[in-house]
There are 2 protein chains.
Amino acid sequence: MKPGDTNVPEVMSGGCERLAPVLSRIGDKWTVLVIILLGRRSMRFNELKRQIGSISQRMLTFTLRGLERDGLVKRTVQASVPPRVDYELTPLGFSLLEPLQHLGSWAVANMPEIEASQERYDAEVEAA
Amino acid sequence: MKPGDTNVPEVMSGGCERLAPVLSRIGDKWTVLVIILLGRRSMRFNELKRQIGSISQRMLTFTLRGLERDGLVKRTVQASVPPRVDYELTPLGFSLLEPLQHLGSWAVANMPEIEASQERYDAEVEAA
DNA sequence: CAGCATCCGATAGGATACTG
DNA sequence: CAGTATCCTATCGGATGCTG
């Protein structure tokens, strides 16, 4: 299996199930974060790593490779010493930023209600 | 940890990072699929299970519990014999359907380009 | 600096068996 | 029918050490 590959079961036909592969791609722990950060400005590897802080080098490499393979991120190497590698969003990458904003708006707007619901649910479970 | 809980690292402040918890919630293997199916019409447990086909009973239960806890899905029990349990989207659940459509449109529109990019990438890797 | 390779623990998720 | 409980595996992802 290639970097950033996922295996989603064929559920049924219809077209709206095309969502599943995309979600399982961007739904991992770091991908969206990297896209958002690179949406602000292009960055070098360690710059990105410092911004995120808690990501391991391994996972940042994995995440970037996956994004590069998908054509969402462009990787530019300058063969100097020490080497310099820049990452930037491609037009395709930028275009993903938009639907992500919609989801973000929804999240910001509804997170309080979700959290309230969770507390209610947990309280009820507690009572049992 | 409660059903459907995720742990996302505090990356930095800013607000757009509120996306991360939502994505790690809906980014799992089944959640979005269930939301989409229930967006079509409310369904009983085994009805849902048959529709999806490849999901295990265990994971369907988990998924539905998480969605119920988040207030996205309403669970209605009819204490008959045999018992009948219906699942339906709440208004909050329906509201999530919309941003999901945006993402879905993006996916449908750009999947070919992504796949093309992947093949190009894999071919180049092969050449090494 | 920007990685790859290795090891290892934590979690996701499937299969199966049992219950009200 | 609609679950719960248990077991087991595969993958995710962190830590560490090495390299051009």
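Labels below follow one simple rule: chain letters A, B, ... track the order of the sequence lines, proteins then strands, and each chain is numbered from 1.
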Establish, with yes or no, whether the OP1 or OP2 oxygen of D:dA2 is under 4.0 angstrom from a side-chain nitrogen or oxygen of B:Arg44. yes
Hydrophobic clusters here meaning ILVMFWY residues chained together by side-chain heavy-atom distances under 4.5 Å, can you tell me if B:Ile36 and B:Leu89 are in one? yes
Does a sphere of radius 6.0 Å around NZ in A:Lys49 hold more than 12 heavy atoms from other residues, nucleotides or ligands, not counting ones at 6.0 Å or beyond? yes
Whole angstrom is fine here: how far is it from CD in A:Gln57 over to C1' in C:dG3? 6 Å
Rounded distance in Å - CG (B:Asn46) to P (D:dG3): 9 Å
Without decimals, in angstroms, what is the distance between A:Glu47 CD and C:dA2 P? 8 Å
Are OP1 or OP2 of C:dG3 and a side-chain N or O of A:Arg75 less than 4.0 angstrom apart? yes
Would you say the side chain of B:Leu64 lies within less than 4.5 Å of the side chain of B:Phe45, judging by non-hydrogen atoms? yes
Taking CE from B:Met59 and C1' from C:dG14, how many angstroms apart are they, rounded to a whole number? 9 Å
Whole-Å gap separating P (D:dA2) and CD (B:Glu68): 14 Å
Are A:Leu100 and A:Tyr87 co-members of a hydrophobic cluster defined by side-chain heavy atoms under 4.5 Å apart? yes
Report yes if the side chains of B:Val22 and A:Met111 come closer than 4.5 Å at any heavy-atom pair, otherwise no. yes
Min side-chain heavy-atom separation A:Lys29-A:Met59 under 4.5 Å: no
So, is B:Tyr87 near the phosphate of D:dG3, with a side-chain N or O under 4.0 Å from OP1 or OP2? yes
In short, the helix from C:dC1-D:dG20 to C:dG20-D:dC1 is bent end to end, axes from five pairs each side, to 10°, by 40°
Starting at the 5' end of DNA chain D and moving along, which residue's nearest nucleotide shows up first, B:Arg65 or A:Ser56? B:Arg65
Does B:Lys49 put a side-chain nitrogen or oxygen below 4.0 Å from OP1 or OP2 of D:dC1? no
Does C:dT16 have OP1 or OP2 under 4.0 Å away from a side-chain N or O of B:Arg58? no
Under the rule for salt bridge (charged side-chain N to carboxylate O under 4.0 Å, His left out), what residues qualify as partners of A:Glu47, not counting sequence neighbours? A:Arg41
Rounded to the Å, how far apart are B:Leu33 CG and C:dG13 C1'? 15 Å
A:Asp86 CG - C:dA2 C1' separation (whole Å): 12 Å
CG of B:Asp28 versus C1' of D:dT11: gap in Å, rounded? 15 Å
